Amino acid sequence: PDLIAKANGLHGFMNWRRALLTDSGGFQMVSLVELAEVTEEGVRFSSPYNGEEILLSPEKSIEIQNALGSDIMMQLDDVVSSTVTGPRVEEAMYRSIRWLDRCIAANKNPEKQNLFAIIQGGLDAELRKKCLKEMIKRDIPGFAIGGLSGGEEKDHFWRMVLLSTEYLPREKPRYLMGVGYATDLVVCVALGCDMFDCVFPTRTARFGSALVPWGSLQLKHRQYAKDFKPIDEECTCPTCKRYTRAYLHALFKSDTAALHHITIHNIAYQLNLMSSIRESIQQRRFPEFIQQFMKRMYGSADKYPRWAVDALSAVNVKLE
């Protein structure tokens, strides 16, 4: 963080004048579980290169994020996989509450950097309720729903999202972590979520998959070798303005630039989707938008995912 601090934070380092969100490092407890040991003090990681130990405490996480100067900072939480059950889930939930208090105390710049809490509790409704009731007692700018989108059944996923949004204050942002599939975004906005993050649009681009309103195009497949249309004729991103599916198909075989072009398109697709959602909400026609989105994505009602139908029905959106 010293280098970034000298550049006046990430905004100066990146020459980015808009909002930035930084995560706390907590997810690495799951992704690097074999290299991590969690105690009340924090999480101790062992370097995979030389075995050197690194302690990430709530205080250290906030110190780093303060130096980065992000507009939204995440608390350090005790993260377990969404498929884990038993006493470890309860332990992580209560520890996340205690660590939230330590993060609040450690924040040196609360007027400019907004600290979000992260709701934990796995797929246990009672644990989530306990976490929600405790965390909303803290006067903090926003809340994240954590510990989901990690391989659990979609039926369990949406029910935990809805349980969380029903408890969280309406006047503060509700951020659903790790969610990025188009259908998930639309459904979870209907369930009451405002913000999302996910590696999906960029990761899938690296495999040659371009996102479109009717699903995705696998541009490395031979069927696109002589297809001279853009990825999406309605898209105005730089990739769709300049390059054809055939060109990207040919480039994919020999040049990593193809991955960058598809990444730009996929990010534009996500931004356009969220912009359309916001606009439909402002115009009070979000239910109609959902109907149109689902019809274009899946073609016919018999192909709609059952979980999505049930989730939308729970908030009085009946798919036709």
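What you see is a predicted model, and the numbers here were worked out from it, not measured in a lab.
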Problem - No-hydrogen, no-angle side-chain donor-acceptor test under 3.5 Å, Tyr94 and Asp78 - result: no
Practice task
Could you tell me the separation between the CZ atom of Phe116 and the CE atom of Met73, rounded to the nearest 0.5 Å?
Solution key: 10.5 Å
Handout entry: Inter-residue atom distance Leu123.CG - Arg128.CZ, 0.5 Å rounding
Key = 7.5 Å
Handout entry: Trp16 atom CH2, over 12 foreign heavy atoms within 6.0 Å
Key = no
Problem - Note: Asp184-Lys154 ion pair, threshold 4.0 Å (strictly below) - result: yes
Handout entry: Hydrophobic cluster membership, Val186 vs Trp158, 4.5 Å side-chain cutoff
Key = yes
Handout entry: Distance in Å, Ile290 CD1 paired with Ser280 OG, rounded so as to fall on 0.5 Å steps
Key = 7.5 Å
Handout entry: Arg17 atom CZ: more than 12 heavy-atom contacts under 6.0 Å
Key = yes
Problem - Plane angle bin for Tyr298 and Tyr304 - parallel if under 30°, tilted between 30 and 60°, otherwise perpendicular - result: perpendicular
Completion exercise
So CD of Gln283 and CZ of Phe289: to nearest 0.5 Å the spacing works out to 11.5 Å
Handout entry: Thr22 side chain to Gln65 side chain, donor-acceptor N/O pair below 3.5 angstrom
Key = yes
Exercise for the section: Could you go through the side-chain hydrogen bond (donor to acceptor under 3.5 Å, both in side chains) check for Asp232 and His265 one step at a time? Expected result: CA-CA 9 Å; Asp232 180 359; His265 166 79; 5.7 Å; no
Problem - Lys6 and Asp2 ion-paired at < 4.0 Å - result: no
Handout entry: Pair Asn107-Asn66, side-chain donor/acceptor within less than 3.5 Å
Key = yes
Problem - Residues Thr244 and Lys229: side-chain donor-acceptor under 3.5 angstrom - result: no
Practice task
Please round to the nearest 0.5 Å and tell me the distance separating atom CD of Glu320 and atom CD of Gln292.
Solution key: 10.0 Å
Handout entry: Atom CG of Asp139 with >12 non-hydrogen neighbours under 6.0 angstrom
Key = no
Exercise for the section: Sequence neighbours left out, what pairs pass side chain to side chain donor-acceptor pair (under 3.5 Å) with at least one residue falling in residues 247-258? Expected result: none
Exercise for the section: With sequence neighbours left out, write down each residue that passes side-chain hydrogen bond (donor to acceptor under 3.5 Å, both in side chains) with Arg170, or none if nothing qualifies. Expected result: none
Handout entry: CD/Glu111: more than 12 non-hydrogen atoms of other groups inside 6.0 Å
Key = no
Practice task
State, yes or no, whether a side-chain contact exists between Thr202 and Asn266 at a heavy-atom distance under 4.5 Å.
Solution key: no
Handout entry: Closest approach of Gly180 to Leu185 (non-hydrogen atoms, all atoms of both residues)
Key = O-CD1, 3.7 Å
Practice task
Answer yes or no: is there an ion pair linking Asp194 with Lys172, defined by an N-O contact shorter than 4.0 Å?
Solution key: no
Handout entry: Closest heavy-atom pair and its distance - Ile136, Tyr167
Key = CD1-O, 4.0 Å
Problem - Interatomic spacing from OG in Ser70 to NE2 in His11 - rounded to 0.5 Å - result: 8.0 Å
Problem - Over 12 foreign heavy atoms within 6.0 Å of CZ, Arg203 - result: no
